[in-house]
**Student:** 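Provided herewith is a single structure, encoded as structure tokens, for subsequent inquiry.
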Amino acid sequence: GVPIPTEVVSYEDNVKNFLNPYAFTSTNGVALTSSSDAANYRLGYTNMTHSGLIPNSDLHKNSYALAVSSKLWDKVTVSTDINFNHSWADNRPASNRGTNPLQWAYANPTNIDIRQLQDYGSGNNILRVSNNHENPYFLAYDVNNSFSRFRLYGNLMATWEVSDNFSIMGRYTLNKYDDTRESKIAPGYLNEPNNGAYGIVVGEGLERNMDILATYKKDWDNFNLSISGGANAMYQRSASISNSSKPGSGLVVPNLFTVDNINSGSLQYYNRRYEKSINSVYGMANFGWKDIAYVDLTARNDWSSTLPAENRSYFYPSASLSLLVNNMFNMGNSVNLFKLRAGWAQVGNDTGPYRLNATYGNSGQWGDATMLSKPGGLLAPNLLPEQATSLEFGIDLKLFHNRLRFEGTYYTV
């Protein structure tokens, strides 16, 4: 066009002018509680609504919670704590592929008022500072990333007080989620010149734990003792499936955001899933003498499904000793605490699923053909469990009515 002489003016509030001046977060809740000889319960609901600083961004969450405790009879107590959440958003700003609006708001030249880009047009006629500069308003309103997630987590627990000194606890815990994520890029984005882009990911995950724990406690004149033993069964699973247009390939019909609107040769798909379980038995013992000496012992054995059958069992114990020297000797009123401590511990660990043998995975498509690949490095089918040993010594001092405190630790791993 015709060049127009324009005065160079610095617009120092460009990013501030781009941001949403009405951003807010609102949280509201209501709860119903009751207590009686038969049961105690609390039922609650909380709603959170968030309007983001970036225009057209939001976040919403509804939470439901139920906690109940009941004494079935004199020795048995049953309790549960259940939570259900639904989180969703119509648009969460992206952080990759150059589609974050703030990235381009900060990149906007200070001599151009960013508000002049607000009426940005559509399609191949997006108003831009230059041919390689994205319009932040276009990214905020026409590059949308929505999600919807349902999550259920909680526990059911029963405790049996067999006697004054002996109790047994059984517990079941669950953590499960299901979510759907969509990305919609309208025509006009520089990296997607062919009618925009679309992608959808559906996923689910679960972790379940079942454990039992027996505890015995006894106090004598100078001794106190606590011994516990139990077992745990943990199970995990996760799965997801993704369908999207290949970068740069675009959609058949602009602004129709469905998988059907992606040409078969332009469809990029992927799915993954895994399962894992660990079974464990463990024990703990705590001894105390005259508020002077304390000994703590633990032992645990795990069996993991991710290790080879002959190596999947691994054992790891620990032991620690604490001495309160100020209770052993009269050290005057200036010494409030003088503690010496020492500890030795081993920690065992497994690995992730499918690390023993090479497995094929989807690495994209070549036209209508699916390409599969497997790791190029060598795996270890006879993998051993990881084991780390640590040794620790320490001192704790509190002097002059706790005005001066010192803690020191020396350890090796």
Side-chain angles (χ1 to χ4, degrees), residues 155 157 166-173 175 207-218 223-238 274-289 291-325 337-357 377-397 406-413:
N155 64 74
M157 183 171 65
F166 183 59
S167 64
I168 300 175
M169 181 273 293
R171 180 174 53 193
Y172 176 90
T173 63
N175 187 350
E207 178 172 329
R208 180 187 66 221
N209 282 273
M210 296 181 290
D211 51 325
I212 185 170
L213 181 68
T215 302
Y216 176 81
K217 295 181 179 180
K218 181 68 174 178
F223 294 92
N224 55 75
L225 169 67
S226 176
I227 300 177
S228 301
N232 175 269
M234 186 276 290
Y235 171 76
Q236 292 177 339
R237 78 163 185 258
S238 177
Y274 81 84
E275 292 181 290
K276 175 181 178 178
S277 65
I278 298 178
N279 295 325
S280 310
V281 293
Y282 48 85
M284 299 165 283
N286 310 101
F287 304 92
W289 177 67
D291 199 22
I292 292 177
Y294 296 92
V295 176
D296 299 313
L297 304 173
T298 70
R300 179 172 177 135
N301 201 97
D302 290 350
W303 292 264
S304 173
S305 66
T306 63
L307 295 171
E310 61 274 14
N311 297 333
R312 65 180 43 158
S313 173
Y314 49 100
F315 175 76
Y316 46 104
S318 73
S320 65
L321 170 67
S322 298
L323 295 176
L324 297 177
V325 181
L337 175 69
F338 182 9
K339 180 167 71 172
L340 299 175
R341 46 188 167 82
W344 174 89
Q346 284 188 337
V347 178
N349 196 16
D350 60 349
T351 186
Y354 318 119
R355 302 287 180 87
L356 306 180
N357 299 295
L378 293 176
L379 299 180
N382 298 315
L383 186 68
L384 295 173
E386 177 185 339
Q387 188 174 68
T389 302
S390 63
L391 184 63
E392 178 180 311
F393 300 95
I395 182 173
D396 298 328
L397 279 174
F406 172 81
E407 295 181 7
T409 301
Y410 171 81
Y411 66 93
T412 60
V413 178

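Just so it is clear, the structure is predicted and the values come from calculations on it, not from any experiment.
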**Student:** Might you work through the side-chain contact (heavy atoms from CB on, under 4.5 Å) test for Leu383 and Leu356, ending with a clear yes or no?
**Tutor:** CA-CA 7 Å; Leu383 186 68; Leu356 306 180; 3.8 Å; yes
**Student:** Between OH of Tyr282 and OH of Tyr316, what distance do you get to the nearest 0.5 Å?
**Tutor:**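 That separation rounds to 10.5 Å.
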**Student:** Can you name the nearest heavy-atom pair linking Ala319 to Leu297, along with the distance?
**Tutor:**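 Shortest heavy-atom contact: CB-CD2, 3.5 Å.
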**Student:** Carefully, step by step, assess Val413 and Glu392 under the rule side-chain contact (heavy atoms from CB on, under 4.5 Å).
**Tutor:** CA-CA 9 Å; Val413 178; Glu392 178 180 311; over 6 Å; no
**Student:** Does any N or O in the side chain of Ser305 come within less than 3.5 Å of the main-chain N or O of Ser277, such that one atom is a donor and the other an acceptor?
**Tutor:**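 Confirmed, Ser305 side chain pairs with Ser277 backbone.
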**Student:** For residues Ser318 and Ala345, report the shortest heavy-atom separation together with the two atoms involved.
**Tutor:**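 Looking at all heavy atoms of both residues, the shortest contact is CB-CB, 3.7 Å.
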**Student:** Using side-chain heavy atoms (C-beta onward) and a distance below 4.5 Å, is Ile395 in contact with Phe338?
**Tutor:**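 In short, these two side chains touch, coming nearer than 4.5 Å.
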**Student:** Would Asp296 and Phe287 count as a side-chain contact (heavy atoms from CB on, under 4.5 Å) if you check the C-alpha gap in whole Å, the side-chain angles of each, and the deciding distance to 0.1 Å?
**Tutor:** CA-CA 7 Å; Asp296 299 313; Phe287 304 92; over 6 Å; no
**Student:** If you take all heavy atoms of Thr351 and Lys276, which pair is closest and at what distance?
**Tutor:**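 Heavy atoms only, the tightest pair is O-NZ, 3.6 Å.
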**Student:** So do the side chains of Trp289 and Asn224 get within less than 4.5 Å of each other, counting heavy atoms only?
**Tutor:**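 No, every pair of side-chain atoms sits at 4.5 Å or beyond.
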**Student:** Should Arg237 and Glu207 count as an ion pair when the cut-off is N to O under 4.0 Å?
**Tutor:**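 Here Arg237 does not pair with Glu207 in a salt bridge, since their nearest N and O are not under 4.0 Å apart.
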**Student:** Within the structure provided, determine whether Tyr216 and Ser167 are in side-chain contact (heavy-atom separation under 4.5 Å).
**Tutor:**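 No. Closest side-chain heavy atoms not under 4.5 Å.
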**Student:** Is a side-chain donor-acceptor pair under 3.5 Å present for Asn311 with Tyr314?
**Tutor:**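 Short answer, no.
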**Student:** Determine whether the side chains of Ser280 and Arg300 contain a donor N or O and an acceptor N or O closer than 3.5 Å.
**Tutor:**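 Checked: Ser280/Arg300 side chains pair up, N/O donor to acceptor below 3.5 Å.
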**Student:** Please round to the nearest 0.5 Å and tell me the distance separating atom CD1 of Ile168 and atom CG of Leu213.
**Tutor:**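 Atom-to-atom, Ile168:CD1 and Leu213:CG are 9.5 Å apart.
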**Student:** Going from NZ on Lys217 to CD1 on Ile227, what distance comes out if it is rounded to the nearest 0.5 angstrom?
**Tutor:**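 It comes to 12.5 Å.
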**Student:** Taking atom types as modelled, find out whether Tyr235 and Arg208 have a side-chain donor-acceptor pair closer than 3.5 angstrom.
**Tutor:**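 Tyr235 vs Arg208: no donor-acceptor pair found between side chains.
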**Student:** Could you report the tightest heavy-atom contact between Tyr294 and Gly288, atom names first, then the distance?
**Tutor:**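 Nearest pair, atom of Tyr294 first, then Gly288: CD2-CA, 3.8 Å.
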**Student:** Just how far is it from atom CD1 of Ile278 to atom CG of Leu307, taken to the nearest 0.5 Å?
**Tutor:**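 Between atom CD1 of Ile278 and atom CG of Leu307 there are 8.5 Å.
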**Student:** Taking all atoms of both residues into account, what is the closest heavy-atom pair of Thr215 and Ser228, and its distance?
**Tutor:**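 Closest approach of Thr215 to Ser228: OG1-OG, 3.1 Å.
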**Student:** Looking at side-chain heavy atoms only, is the closest gap between Pro353 and Glu275 below 4.5 Å?
**Tutor:**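 Sidechains of Glu275 and Pro353: no contact.
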**Student:** If you measure from OH on Tyr172 to CE on Met157, what distance do you get to the nearest 0.5 Å?
**Tutor:**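 Here the rounded value is 15.5 Å.
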**Student:** Which heavy atom of Asn301 sits nearest to which heavy atom of Ser313, and what is that distance?
**Tutor:**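 Distance-wise, the nearest heavy atoms are ND2-OG, 3.1 Å.
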**Student:** Would you call Arg312 and Asp302 a salt bridge, taking side-chain N to carboxylate O under 4.0 Å as the test?
**Tutor:**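 Judged by the 4.0 Å cut-off on N to carboxylate O distance, Arg312 and Asp302 do not form a salt bridge.
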**Student:** With a sphere of 6.0 Å drawn around CZ of Arg171, does it hold more than 12 non-hydrogen atoms of other residues, nucleotides or ligands?
**Tutor:**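 Counting other residues, nucleotides and ligands, CZ of Arg171 stays at 12 neighbours or fewer.
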**Student:** Strictly by modelled atom types, are Asn155 and Thr173 linked by a side-chain donor-acceptor pair under 3.5 Å?
**Tutor:**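 No, Thr173 and Asn155 have no side-chain donor paired with an acceptor closer than 3.5 Å.
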**Student:** Working to the nearest 0.5 Å, report the span between CE of Met284 and OG1 of Thr298.
**Tutor:**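 OG1 of Thr298 is found 8.5 Å from CE of Met284.
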**Student:** Between Arg355 and Thr306, is there a side-chain heavy-atom distance shorter than 4.5 Å?
**Tutor:**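 No, their side chains stay 4.5 Å or more apart.
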**Student:** Quick check: do Val295 and Asn286 have side-chain heavy atoms less than 4.5 Å from each other?
**Tutor:**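 SC-SC contact between Val295 and Asn286 ruled out.
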**Student:** With a 4.5 Å cut-off on side-chain heavy atoms, are Leu337 and Leu324 touching?
**Tutor:**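 Of all side-chain heavy-atom pairs linking Leu337 with Leu324, at least one is under 4.5 Å.
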**Student:** Where does the angle between the aromatic ring planes of Phe393 and Tyr410 fall among parallel (under 30°), tilted (30 to 60°) and perpendicular (over 60°)?
**Tutor:**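 The arrangement is parallel - the two ring planes meet at less than 30°.
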